Visitor: 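Here it is, the structure in full.
Predicted model only: the values in this text are computed from it and were never measured. Below, each value reflects all heavy atoms present in this structure, side chains not excepted, and no hydrogens, waters or symmetry copies.
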Amino acid sequence: ELDSDAGQAAISELPRCAARPIAVDGAGRANGCVLLRPAEADFSYAEMVHPRDISHDQLSTANGAARLEHRLFARMRLEKGVILRGRVRAAWLPRHDDEPLARAIYQQFQHAELPLTT
C-alpha cells in the first residue's frame with residue numbers, strides 16, 4: 001500500500017486537577033488550547049496544539065484527575081515517505097493571570113513560522 005493514515009494522539013494526564021478549554025478567539029472558541037489547574041498549587045499548566053495540526057480535543061475528568069487527548073491529522077491520507085510534524089506546546093504558568101498568559105502564548109504559537117529544520 002502506498003498511502004497511510006496519519007492520525008496520531010497526544011495525551012496528557014494530571015492528578016487532582018480542574019481543567020477547562022479557554023477561549024482564544026473573538027468567537028469564544030477554544031481551538032486546541034486547554035488550561036489545567038492542579039489543586040493546591042500556585043501554578044497552572046497550559047497545553048495547546050497548532051490549529052493546522054489538530055482534528056479535535058477530548059477533555060475528561062475522573063477521580064479528580066484531568067485527561068486531555070488531542071487528535072492530530074485525523075482522516076488525512078499521505079503518500080508513503082511523507083513526514084508530518086505535529087506542533088504541541090505546553091507552558092507552566094503562575095496561577096495569577098494564567099488565562100491571559102495562556103491566550104497570549106497560544107496566539108504567538110499559531111503565528112509562529114513552521115519549524116522546517118531537522
Side-chain angles (χ1 to χ4, degrees):
E1 185 171 310
L2 294 178
D3 68 342
S4 65
D5 180 2
Q8 296 290 316
I11 301 171
S12 298
E13 194 169 310
L14 271 74
R16 300 179 330 147
C17 190
R20 69 185 188 88
I22 64 170
V24 293
D25 68 4
R29 292 185 301 261
N31 295 337
C33 185
V34 177
L35 191 61
L36 304 171
R37 293 180 170 141
E40 301 171 16
D42 61 352
F43 61 87
S44 299
Y45 172 78
E47 188 170 291
M48 53 202 75
V49 177
H50 196 279
R52 290 187 185 146
D53 302 337
I54 194 165
S55 171
H56 72 276
D57 289 329
Q58 181 175 344
L59 178 61
S60 58
T61 55
N63 301 323
R67 183 175 191 275
L68 176 59
E69 180 176 341
H70 304 286
R71 296 295 302 165
L72 310 172
F73 313 120
R75 295 179 299 278
M76 181 183 280
R77 304 292 295 180
L78 297 175
E79 275 189 45
K80 187 175 180 178
V82 172
I83 298 171
L84 287 176
R85 181 179 291 180
R87 294 165 285 174
V88 179
R89 182 170 286 178
W92 296 101
L93 304 170
R95 181 68 56 94
H96 177 71
D97 289 334
D98 58 357
E99 193 167 324
L101 285 169
R103 188 176 293 115
I105 291 168
Y106 181 76
Q107 288 172 345
Q108 180 221 16
F109 177 49
Q110 76 183 77
H111 297 293
E113 293 290 322
L114 184 63
L116 297 176
T117 59
T118 57

Visitor: Say you draw a straight line from OH of Y106 to NE2 of H111; how long is it, rounded to the nearest 0.5 Å?
Guide: 9.0 Å
Visitor: Not counting sequence neighbours, which residues clear side-chain hydrogen bond (donor to acceptor under 3.5 Å, both in side chains) with Q108? List them please.
Guide: R89
Visitor: Which heavy atom in C17 sits nearest to a heavy atom in P38, and how many Å separate them?
Guide: SG-N, 3.7 Å
Visitor: Would you find a donor on one side and an acceptor on the other, under 3.5 Å apart, between the side chain of R103 and the backbone of C33?
Guide: no
Visitor: Under the side-chain hydrogen bond (donor to acceptor under 3.5 Å, both in side chains) test, which residues partner T61, sequence neighbours left out?
Guide: none
Visitor: Sequence neighbours left out, what passes side-chain contact (heavy atoms from CB on, under 4.5 Å) with A112? Give chain and number order.
Guide: none
Visitor: Roughly how far apart are L36 CG and S12 OG, rounded to 0.5 Å?
Guide: 7.5 Å
Visitor: Does the side chain of P94 reach to within under 4.5 Å of the side chain of L101, using non-hydrogen atoms?
Guide: yes
Visitor: Just jot down the side-chain hydrogen bond (donor to acceptor under 3.5 Å, both in side chains) partners of E69, sequence neighbours excluded, or say none.
Guide: R67
Visitor: Which label fits W92 and F43: parallel for a plane angle under 30°, tilted from 30 to 60°, or perpendicular past 60°?
Guide: perpendicular
Visitor: Could you list all the side chain to side chain donor-acceptor pair (under 3.5 Å) pairs where at least one residue sits in residues 34-43, not counting sequence neighbours?
Guide: R37-D98
Visitor: Go through the structure and list residues passing side-chain contact (heavy atoms from CB on, under 4.5 Å) with A46, not counting sequence neighbours.
Guide: L35, M48, L93, A102
